[in-house]
Amino acid sequence: MSVFAEKLIAWQQVHGRHDLPWQQTRDPYAVWVSEIMLQQTQVSAVIGYYGRFMARFPTIASLAEAPQDDVMQHWSGLGYYSRARNLHHAAQTIMREHGGIFPQDFAQIQSLKGIGRSTAAAVSVFAFQQPQTILDGNVKRVLARLHAVDGWPGLPLIEKRLWVLAESLLPEKNLPAYIQGLMDFGATLCTRSKPRCQDCPMQGECQAFQQQRVAQLPASKPRKAIPERQTTMLMIMDAGEILLEKRPDKGIWGGLWSFPECKPDQIPVQQAEQRYGMQAESLEDLPVLWHTFTHFKLEITPQPLQLIGKRPGLPQHLQWLPLNDAIAAALPTPVRTLLKTLQQSRY
DNA sequence: AACACGGGGTG
DNA sequence: CACCCAGTGTT
């Protein structure tokens, strides 16, 4: 038996949970109901629902013949209602195809609606003491740390490795205690954030701990590259002042002052003339600036312009700002950066 | 406001 | 197999 399994069983006997309502039985139906309720739902939330559900639907037959509304009422407040619909549906399948007896064959268990490999394994172990392993999110985290498995566990290749690893660690004795320990250990000690490594009996086995990579494992889901957008900002100058535009309240930098943006495919000098009635000429380019938001990256091309001739009258959302004005402190970061760059250039 | 999650569904 | 979804809690 693996050292991990030995230690986990010992840990479970001291720190694990032994007194939960569904742990007092080997009735596959009771185990099944509890496992479905426990999917993505904490033990504390499940306890009351489990008691009321089992009191109202004590057998597979009673569940199968109950009206769906009745089943849903007993699920009301637990969330993920497709679980209840699948449970009801599978109860009817068991009545129809298995003579009302919960199947012991692993493939048959797994083919029931709402039961995947992990839930099928839990029922197999707790009800029938068959050698199967679970692999839910908690267990993935525990095993990824134990063997320092790199890569996001949602990747098929990584998940396959974790299943193989989980199988290889299974003990021959005390299987239910081991599986329960796997669940409880991941839920209470080897947690995603702030795992209690100082209290952990697996320090000697845990490769992530020894490599000081506990906080980095399991690897998080690679987020897709955020989209990139491009804008050109007009920096129109005249007599030591620069033109600013108040942005619409909606959207990025809502209500803040910024440089007027050049419409895509517009030529800056032409836009200055057509939209603002300004005669202007281009000045020397400034370097392109990147700014990262939560959901996109913005490439900002600054276009310094010099006003020629007299200033036109301006609507309220446009105004001239002295280059050294204190208002600059309240501008969006990239705008302030551009102003600073401008001041350091020869203009 | 993004991430995490077990199972289902689709191509 | 690859990919995405629904629905709820957590960070």
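What you see is a predicted model, and the numbers here were worked out from it, not measured in a lab.
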Would you kindly compare A/Pro156 and A/Gly79 by the position of their nearest DNA chain C nucleotide and give the one closer to the 5′ end? A/Pro156
Counting only heavy atoms not in A/Arg336 (residues, nucleotides, ligands), do more than 12 fall under 6.0 Å from its CZ? yes
A/Arg83 and A/Thr41: side-chain donor and acceptor closer than 3.5 Å? yes
Between B/dG7, B/dA4, C/dG7, which nucleotide has the shortest distance from any of its atoms to the side chain of A/Tyr80? C/dG7
Would you mind reading off the distance between A/Leu135 atom CG and B/dG6 atom C1', rounded to a whole angstrom? 11 Å
Protein-nucleotide distance (A/Leu38, atom CG; B/dG7, atom P), rounded to Å: 12 Å
Using a cut-off of 4.0 Å on non-hydrogen atoms, how would the nucleic acid contact of A/Gln40 be classed: base, sugar-phosphate, or nothing? base
Please pick, from B/dG7, C/dA2, B/dA4, the nucleotide with the shortest atom-to-atom distance to any side-chain atom of A/Ser220. B/dA4
Establish, with yes or no, whether the OP1 or OP2 oxygen of C/dA6 is under 4.0 angstrom from a side-chain nitrogen or oxygen of A/Ser82. no
Between B/dG9 and A/Lys113, is there an OP1 or OP2 to side-chain N/O distance shorter than 4.0 Å? yes
What is the distance from CD of A/Glu35 to P of B/dG6, rounded to the nearest Å? 12 Å
Indicate, with a heavy-atom threshold strictly under 4.0 Å, whether A/Lys160 touches base, sugar-phosphate, or nothing. sugar-phosphate
Grab the CG-P distance between A/Asp136 and C/dG9 for me, whole Å please. 18 Å
Write down the distance between CG (A/Asn138) and C1' (B/dC5), rounded to a whole number of angstrom. 10 Å
Residue A/Gln42, side-chain heavy atoms: nucleotide from C/dA2, C/dG9, B/dC5 that is nearest: C/dG9
Provide, to the nearest angstrom, the distance between the CG atom belonging to A/Leu155 and the P atom belonging to B/dA4. 12 Å
Assess, by modelled atom type and distance only, whether the side chains of A/Thr231 and A/Glu261 contain a donor and an acceptor separated by less than 3.5 Å. yes
For DNA chain C, whose closest nucleotide is more 5', that of A/Tyr81 or that of A/Leu157? A/Leu157
Please give, in whole Å, the distance from C/dG7 C1' to A/Arg85 CZ? 11 Å
Length of the line joining A/Gln39:CD and C/dG9:C1', which is rounded to integer Å: 15 Å
With a 4.0 Å cutoff (strictly under), does any side-chain N or O of A/Lys221 reach OP1 or OP2 of B/dA2? no
Between A/Tyr81 and A/Met72, is there a side-chain heavy-atom distance shorter than 4.5 Å? yes
What does A/Arg192 touch in the nucleic acid at a heavy-atom separation under 4.0 angstrom: a base, only the sugar-phosphate, or nothing? sugar-phosphate
So that I can tick it off, tell me whether A/Glu167 and A/Arg117 are bridged by a salt bridge, with the cut-off set at under 4.0 angstrom between side-chain N and carboxylate O. yes
Does A/Ser193 make a side-chain N or O approach to OP1 or OP2 of C/dT11 shorter than 4.0 Å? yes
